[in-house]
Amino acid sequence: MIIKPRVRGFICITAHPDGCAAHVQEQANYVLSQGALGHAPKRVLILGASTGYGLASRIVSTVGCKAETFGVFFERPGDEDKPASPGWYNTVALEKIADASGTKFYSMNGDAFSAEFKTKVVKALRETLGTVDCVIYSLAAPRRTDKDGNMYKSVLKPVGSAFTSKTVNTDKAEVFETTLEPATEEDIFNTVKVMGGEDWEEWIRLLAQENLLEKHATTIAYSYIGPEVTWPIYKSGTIGQAKAHLMKTAEALNAFLKEKVDGHALISVNKAVVTQASSAIPVVPLYNSVLFKIMKAKGLHEDCIQQIYRLFAGLFENAPLKREGDICVRLDDRELLPEVQNEVKDVWAKINTENLRSLSDFDGYQKNFLQLFGFECDSINYDADTAHLRPMKHLLD
Ligand code: NAI
């Protein structure tokens with residue numbers, strides 16, 4: 001199949017297997033260039049392991065820690081007429097890297113929110129890795145059906161009052177003002193159900209109950225806070241309420257794990273990056289375009305892989321890491337530096353359609369977005385035919 005990008009708003013409905021593999025290899029090479037993480041976890045369960053921060057966590061675990069991994073994700077394998085989703089191709093590529101170094105690598109594809117699927121994962125985990133010393137929770141999903149069969153949809157809306165802000169139409173490269181209407185109580189409740197800590201807590205309690213957590217096991221979930229320009233839609237919006245719930249859950253899980261296995265629960269507050277999940281948040285693509293130009297100019301820019309390597313090195317190898325209390329680490333420290341955010345504010349006040357490309361890294365943002373789907377990789381010939389059906393060797397039912 002000859003595969004070209006087909007972008008529909010904030011998603012691309014095609015993905016290129018060779019481009020995804022190149023992007024995974026590039027991230028693996030970064031980890032190799034930084035050196036091994038000898039004291040890091042040895043058996044890692046990653047929930048949401050196929051793209052974004054979860055994929056980076058799996059690459060750092062596999063390549064940097066030589067850890068055995070069990071990855072859970074929700075991806076499309078592709079069929080005769082359609083390529084697979086990028087997370088599928090990413091996993092096939094990382095599996096090859098793991099196999100080449102003899103590192104155990106197992107995957108399961110399904111709905112991590114479902115009780116039935118959780119039971120299957122627990123059984124397969126017992127039969128493969130046995131127990132785990134680290135659980136990464138990196139799910140980002142638009143909806144969740146809970147164990148009682150209730151379906152909740154998350155929304156990205158401000159809370160309390162409407163919010164008017166600049167944003168960018170990424171197809172047309174146009175900056176315009178948008179007004180986002182405030183969430184209802186039901187919207188807030190539903191978003192907390194999907195992106196709050198309830199499902200994370202279900203996973204950890206189940207794993208503990210099944211004696212699958214080792215002594216001193218750590219669990220980490222990812223969060224975001226960001227600067228004031230995005231607070232109405234992020235930190236103070238529906239998603240921020242869900243993240244506040246995630247933080248409370250971390251406190252409860254920390255106490256629970258301490259008692260059960262002398263373990264630890266953590267929230268890592270990460271930097272803004274381009275992922276499938278973040279592309280869907282209003283205002284954020286424009287903020288990222290502005291931010292990336294400033295951080296790149298200052299030599300401070302990081303993507304998922306640099307962030308997660310820094311997290312693991314800080315947590316497990318005593319490299320410098322900004323901590324806040326017992327359960328929170330801040331990888332967004334460079335993004336939130338006053339010298340970065342003061343410039344963001346200046347540019348934000350001036351940016352418009354005419355100066356979008358000169359004042360921000362909009363071109364870099366778009367390239368970054370297409371790379372999530374395996375496009376815009378310099379080493380790939382996109383006019384060439386490629387095998388689009390790529391089986392996974394260690395995919396369990
Ligand atoms: P992403 O969209 O790249 O990855 C989501 C992952 O969840 C994928 O592996 C996908 O297969 C999996 N997934 C989705 N629904 C699932 C389901 N029902 N069952 C099993 N797997 C499912 O997202 P991203 O951005 O890496 O987000 C991960 C976490 O990082 C989220 O908590 C997010 O809030 C957080 N974060 C993201 C930032 C960003 O700028 N992208 C910044 C800071 C934190």
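Just follow the structure's listing: the first ligand is 1, and inside any ligand the first atom is 1.
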**Study point:** Lys/Arg N to Asp/Glu carboxylate O, Asp199 vs Lys118, below 4.0 Å
**Key:**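 Yes, charged N to carboxylate O under 4.0 Å.
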Point to revise | Ionic contact status for Lys298 with Glu343, cut-off 4.0 Å | key: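 The answer is yes: the pair qualifies as a salt bridge.
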What I want to know is whether [X] and ligand 1 share at least one N or O pair that is separated by under 3.5 angstrom.
X      : value
Ala112 : yes
Thr275 : yes
Phe73  : no
Val273 : yes
Glu75  : yes
Lys243 : yes
Ala272 : no

**Study point:** Distance-only donor-acceptor check, side chains Ser107 and Arg58, under 3.5 Å
**Key:**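 Yes - a donor-acceptor pair under 3.5 Å links their side chains.
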Exercise for review: Determine whether the side chains of Gln307 and Glu302 contain a donor N or O and an acceptor N or O closer than 3.5 Å.
Suggested key: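 Yes, Glu302 and Gln307 have a side-chain donor paired with an acceptor closer than 3.5 Å.
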Starting from [atom], find the nearest protein heavy-atom neighbour and note its residue, name and distance.
atom                    : value
atom 36 (N) of ligand 1 : Tyr53 CD1, 3.9 Å
atom 44 (C) of ligand 1 : Ser223 O, 3.1 Å
atom 16 (C) of ligand 1 : Phe74 CB, 3.6 Å
atom 18 (N) of ligand 1 : Asp111 OD1, 2.9 Å
atom 8 (C) of ligand 1  : Thr51 OG1, 3.3 Å
atom 9 (O) of ligand 1  : Ser50 OG, 2.7 Å
atom 29 (C) of ligand 1 : Ser138 OG, 3.7 Å
atom 12 (C) of ligand 1 : Gly48 CA, 3.8 Å

Exercise for review: Please confirm whether the backbone N or O of Thr184 pairs with a side-chain atom of Asp187, one donor and one acceptor, at under 3.5 Å?
Suggested key: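 At least one qualifying donor-acceptor pair exists.
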Any non-hydrogen atom of [X] lying under 4.0 Å from ligand 1?
X      : answer
Gly110 : yes
Arg143 : no
Lys271 : yes

Exercise for review: Run down the list Tyr234, Tyr222, Trp88 and name the one with the heavy atom closest to atom 35 (C) of ligand 1.
Suggested key: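 It is Tyr222 that holds the nearest heavy atom.
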Practice item. Give me the ring orientation class for Tyr365 and Phe369: parallel if the planes are under 30° apart, tilted from 30 to 60°, perpendicular past 60°. Key: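 Parallel: the ring planes of Tyr365 and Phe369 meet at under 30°.
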Review point. Under 30°, 30 to 60°, or over 60°: which ring-plane class applies to Tyr309 and Tyr30, parallel, tilted or perpendicular?
Key: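 Plane angle over 60°, so perpendicular.
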Under 4.0 Å from a heavy atom of [X]: which atoms of ligand 1 are those, numbered in the order shown and with their elements?
X      : value
Gly52  : 3 (O), 26 (O)
Asn270 : 43 (C)
Phe113 : 18 (N)
Ser278 : 39 (C), 40 (O), 41 (N)
Ala277 : 2 (O), 23 (O), 25 (O)
Ala141 : 15 (N)

Review point. Does the side-chain hydrogen bond (donor to acceptor under 3.5 Å, both in side chains) test come out yes or no for Asn318 and His39, once each step is laid out?
Key: CA-CA 10 Å; Asn318 280 328; His39 300 102; over 6 Å; no
Review point. Centres of the His16 and Phe373 rings: under 6.0 Å?
Key: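 Distance test on ring centres: not under 6.0 Å, no.
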Exercise for review: May I ask whether Phe105 and Leu212 are part of the same hydrophobic cluster, defined by side-chain heavy atoms of I, L, V, M, F, W, Y residues being less than 4.5 angstrom apart, directly or through others?
Suggested key: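 Cluster IDs for Phe105 and Leu212 differ.
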Review point. Does Met151 share a hydrophobic cluster with Phe113, counting links as ILVMFWY side-chain heavy atoms below 4.5 Å and allowing steps through other members?
Key: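 In one cluster: no.
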Practice item. Decide whether a cation-pi geometry holds between Lys235 and Trp231; the criteria are a distance under 6.0 Å from NZ or CZ to the six-membered ring centre and an angle within 45° of the ring axis. Key: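 Positive - Lys235 is close enough to the ring of Trp231 and near enough to its axis.
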Check your understanding: Which of these passes salt bridge (charged side-chain N to carboxylate O under 4.0 Å, His left out) with Glu210: Lys260, Arg126, Lys123?
Key ->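 Of all the options given, the one that passes is Arg126.
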Practice item. Could you tell me whether Ala49 approaches ligand 1 through its side chain, its backbone, both or neither, with non-hydrogen atoms closer than 4.0 Å? Key: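 Looking at Ala49 and ligand 1, just backbone atoms fall under 4.0 Å.
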Practice item. Determine, stepwise, if the pair Glu202 / Arg144 fulfils salt bridge (Lys or Arg N to Asp or Glu O under 4.0 Å). Key: CA-CA 13 Å; Glu202 277 179 21; Arg144 166 181 171 215; 3.4 Å; yes
Practice item. Specify the closest pair of heavy atoms between Asp133 and Glu214, including all atoms of both residues, with the distance to one decimal. Key: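 For Asp133 versus Glu214, the nearest heavy atoms are CB-OE1, 3.6 Å.
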